[in-house]
Structures are given as structure tokens and as C-alpha cells.
Amino acid sequence: MEPKKKNKPNSLVIILFALVVLMVIVYFILVTFFPAVFSSLNTGDLQPVPNK
């Protein structure tokens with residue numbers, strides 16, 4: 001009996017997933033220590049529609 005081959009994901013998939021997780025962690029670190037960098041970003045706040 002041969003040992004069953006394990007279904008391992010492609011190494012590219014693992015690298016991309018780790019890169020996304022790393023980017024999220026770096027983002028939260030930057031927001032924590034440098035909030036002024038992100039204060040000028042547009043947050044998509046609702047604005048009233050002017051009456052015509």
C-alpha cells in the first residue's frame with residue numbers, strides 16, 4: 001500500500017495569502033503609530049444633496 005498523497009495547495013497560493021495577511025497587519029501597525037498619514041484619506045462620508 002502506497003501512502004496517500006496529501007492535497008497541498010500551490011506555493012503561489014500560499015505566498016499570496018501570506019502577503020495579504022501581512023499587508024493587513026502592516027496597515028494596522030501604520031494606523032496605530034502614524035494616524036496623521038491616514039487622516040487625509042477620503043472615508044466616503046455621506047453628504048447632503050443640495051436642493052435645486
Engineer: Are Leu30 and Val21 connected in the hydrophobic side-chain network, where two residues link if heavy atoms are under 4.5 Å apart?
Structural biologist: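 Yes, because Leu30 and Val21 connect within a single hydrophobic cluster, where side-chain heavy atoms sit under 4.5 Å apart.
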Engineer: Transitively linked via ILVMFWY side-chain contacts under 4.5 Å: Val20 with Val31?
Structural biologist: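 In one cluster: no.
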Engineer: Sequence neighbours excluded, which residues qualify as ring-ring contact (aromatic ring centres under 6.0 Å, His included) partners of Tyr27?
Structural biologist: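 Tyr27 satisfies ring-ring contact (aromatic ring centres under 6.0 Å, His included) with Phe38 only.
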Engineer: Between Val24 and Leu16, is there shared hydrophobic-cluster membership here, with clusters defined by ILVMFWY side-chain heavy atoms closer than 4.5 Å?
Structural biologist: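 No; tracing contacts between hydrophobic side chains, which count when under 4.5 Å, never links both residues.
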Engineer: How long is the straight-line distance from CD1 of Ile15 back to CG of Leu22, given to the nearest 0.5 Å?
Structural biologist: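 Answer rounded to 0.5 Å: 12.5 Å.
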Engineer: Is there a path of hydrophobic side-chain contacts, each under 4.5 Å between heavy atoms of I, L, V, M, F, W or Y residues, that connects Phe34 with Val26?
Structural biologist: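 Yes, one cluster joins them.
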